[in-house]
Amino acid sequence: SRHSIENMIVRVRAPSGMARVEVSEMDTVRTLFDKVSTLLGEDNFALLDLRSRPLAASSQSLAAMGFRNGDMLTVRLRQSESSAAAAAAAVLADRVDDVDLQLEKQSGVVERPRDAQLCHHGDTQKCIHCVPLEPFDPQVLATTDIKFLSFHSYLRKLNSGADRGKFTSLEDLRCRVVECPGHAPWPAGICTKCQPSAVYLKRQEYRHVDYVQFRNKSSLETLIDFWRRTGQQRFGILFGRYEEYTQVPLGIQAVVHYIYEPPQTPQAEGLHFADDPSFDKIVRTAAEALQLQPVGWIFTDLDPLDARAGTVKCNRYISDDGSSALFTAEEMLHAAVFQNKFPNSVLKKYAPRGFFGSKFVTVVVSSDDDNMISLKGYQVSNQGMALSRDNCLLPTAGFPGLMFVKKSTNEQYVPDVFYVEKDEYKNEITRTARPCFPVEYLMISFPCGSAIDSAEEEGRRFPAENRNAQSLAELKRYLGPSRAGRTVKQFSNFHVLSYLVTDSTFESLWPSLPQLFAAVSAKDQKALDRWLKTGHWQTVELLMESS
């Protein structure tokens, strides 16, 4: 007799709770994914089996995959690509940062003082004991305790050989099959021209940013205070500038001026991103008027230990089994999305495409070893950016310190990935990265710090975005009651400008805002005074008086 098709129930454990999905044994895994997507209202997620292995959305039937009635799957939501990152990429795509042009002109050599015991020459002479060293020299790294070369030191290293870098070119790793006219597309055909090479992971020896400096402490405290009041996590986009960092030879630091908080759903654990239709407008107007750009993102991961003492649990450390990590696999993948959307523009003599890596940083607000709130800075290596961009990696459920490498399917070819580790005898052993490998192979770290607010900064605070705190009453308090006291400094505040740009209350003011941005950008008080006399702004003054 013909075999009858049976229906089955698949249980799904999602962040919002348990659910049941009705399917038939002949439905494909792709169909199951579609039904779960409809149930969640979310299409960016992974399904994990009981062994925490991710399922591929293939065309195989559930029966062929061994599914039975009552099986349970776990939903792991992935961080969606932020519209903030996508919008800003177009704005910043073809512009080499000023700091790169400045460092390009510098020699970068590290001067050494005359050694009283080893140098037997005059003060104006040099010998091997006091001659200046190149910034990439191992002696410089050893004496300054620098773990990573700065990016421009790395460029000097590439151009230091006998050929002076004539045959050196910075190219991004390719981890996907490209179209090849000589045969049918994958999986029907593949050749050495279109097949990506195997990836051998190695710890990156350089970093694009060497330090993150928060220009004022109040922006950080505003973000952390949200957790203190609600117990829920918060994230924001860092707006600032890239500047020279003199503590590292040819170093670069990201100087953060403001933290913009996009729309988000607060949660006690994890982050939930929402679309931000205003971000592109803010980047093109408020940020450009202040000569600022997105330089990174920041998020809190805090768990209270003793509320009276102000201590927090230390949940981030390196464990041998991958059950904990300084920078988790899921966070790393989202950071890679941001970094791919904010590529680092370089001179085309180094990279023909004009891009290589990214300066976009990740700052984690968490606990240190003494259970005090601290800042930790990270980036994903260029190899990690490429593997993430080409959709080769997934986080590993229950093991945040391990990254999962996908297997090749009919829909996608995934190259082999290997990494090298040392055994107990210090011998280097090459291991396959499938199914998982430690996230440290893709991680780059750097220090962070903040300055103390000046009295002027303390008096110029305006509420952050998307907290239901920005209002006409707040704007009146910030600007002061006197119309005659309006200054360029008052309007040179990112949060004030973004409020004027995005709030519909000021829709009639929008046509005149370019005049305000020009006055702020030029620090021109007379131009601001002319704008303040326009009918558009006078209407706002009347609204503030009645608020």
Side-chain angles (χ1 to χ4, degrees), residues 82 84 212-240 254-274 276 278-279 282 286 292 294-316 331 361-368 370-377 448-479 490 493-499 502-503:
S82 171
V212 174
Q213 171 72 44
F214 287 84
R215 188 169 174 267
N216 55 72
K217 196 174 182 180
S218 62
S219 58
L220 273 175
E221 288 298 322
T222 300
L223 188 78
I224 299 172
D225 280 344
F226 182 88
W227 169 80
R228 291 193 179 110
R229 290 186 291 102
T230 66
Q232 296 172 323
Q233 310 303 331
R234 194 77 173 167
F235 86 96
I237 304 296
L238 306 176
F239 276 85
V255 180
V256 179
H257 290 241
Y258 296 96
I259 300 178
Y260 167 73
E261 299 179 16
Q264 54 196 284
T265 304
Q267 296 179 342
E269 295 184 6
L271 303 169
H272 187 272
F273 290 56
D276 187 5
S278 301
F279 189 86
I282 290 172
L292 303 177
V295 297
W297 71 301
I298 184 173
F299 64 89
T300 60
D301 180 24
L302 298 168
D303 190 4
L305 179 63
D306 186 339
R308 292 184 178 180
T311 56
V312 290
K313 295 179 182 178
C314 182
N315 297 325
R316 289 177 178 263
E331 294 162 356
V361 301
T362 299
V363 178
V364 183
V365 183
S366 186
S367 170
D368 59 16
D370 297 323
N371 299 113
M372 303 304 294
I373 295 177
S374 66
L375 306 177
K376 299 173 182 177
C448 305
S450 64
I452 298 176
D453 288 9
S454 63
E456 179 186 16
E457 290 289 345
E458 285 285 350
R460 295 176 58 218
R461 290 191 187 184
F462 188 75
E465 299 76 16
N466 298 303
R467 291 203 189 187
N468 297 321
Q470 293 181 337
S471 65
L472 283 170
E474 278 295 324
L475 184 62
K476 179 181 178 180
R477 178 201 60 78
Y478 172 81
L479 293 175
Q490 287 180 317
N493 183 301
F494 176 84
H495 300 303
V496 171
L497 294 181
S498 67
Y499 177 49
T502 58
D503 196 286

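Two residues are said to be in side-chain contact when any heavy atoms from C-beta on lie closer than 4.5 Å; V365 and W227 fail this criterion. A heavy-atom distance below 4.5 Å is found between the side chains of I237 and P262. Contact annotation: the side chain of V256 never approaches that of Q213 to less than 4.5 Å [non-hydrogen atoms, C-beta and beyond].
With hydrogens and angles disregarded, a donor-acceptor distance shorter than 3.5 Å links the side chain of D368 to the backbone of D370. Judged by distance alone, the side chain of Q470 and the main-chain N or O of P463 form a donor-acceptor pair under 3.5 Å. Under the 3.5 Å distance criterion, the side-chain polar atoms of E465 are left unmatched by any main-chain donor or acceptor of S498. Checked by atom type and distance alone, the side chain of N371 never pairs as donor or acceptor with a backbone atom of K313 at under 3.5 Å. No donor-acceptor pair closer than 3.5 Å links the side chain of E261 to the backbone N or O of N466. Without hydrogens or angle criteria, K376 side chain to C448 main chain gives no donor-acceptor distance under 3.5 Å.
For the pair K217 and S450, the tightest heavy-atom approach, listed with the atom from each and the gap, is CG-OG, 4.2 Å. For the residue pair S471 and Y499, the shortest heavy atom distance occurs at C-OH, 3.1 Å. Contact record, H495 with N493: N-OD1, 2.9 Å, taken as the closest heavy-atom pair.
By the side chain to side chain donor-acceptor pair (under 3.5 Å) test, T300 pairs with Q233, sequence neighbours left out. Among residues two or more places apart in sequence or in another chain, the ring-ring contact (aromatic ring centres under 6.0 Å, His included) test is passed with F494 by F239, Y258. Evaluation of the side chain to side chain donor-acceptor pair (under 3.5 Å) rule for D225 yields R228 as partners, not counting sequence neighbours.
Rounded to the nearest 0.5 angstrom, F235 CZ and L223 CG are separated by 10.0 Å. The CZ atom of R229 sits 9.0 Å away from atom CZ of R234, with the distance rounded to the nearest 0.5 Å. In this structure, CH2 in W297 is found 4.5 Å from CZ in F273, a value given to the nearest 0.5 Å. Atom CD1 of I259 and atom CG of N216 lie 8.5 Å apart (nearest 0.5 Å). Put simply, CG on L479 and CD on E474 are 11.0 Å apart, with the number rounded to the nearest 0.5 Å.
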Using the side-chain contact (heavy atoms from CB on, under 4.5 Å) rule, take Y260 and D276 through it: C-alpha gap first, then chi angles, then the decisive distance, then the call. CA-CA 11 Å; Y260 167 73; D276 187 5; 2.7 Å; yes
Can R467 and T222 be said to form a side-chain contact (heavy atoms from CB on, under 4.5 Å), step by step? CA-CA 11 Å; R467 291 203 189 187; T222 300; 3.8 Å; yes
Which is it for R316 and E331 under the salt bridge (charged side-chain N to carboxylate O under 4.0 Å, His left out) test, yes or no, and what are the steps along the way? CA-CA 13 Å; R316 289 177 178 263; E331 294 162 356; 2.4 Å; yes
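Considering N315, L305, V312 as possible partners of S367, the one that fulfils the side chain to side chain contact (heavy atoms under 4.5 Å, CB included) test is V312.
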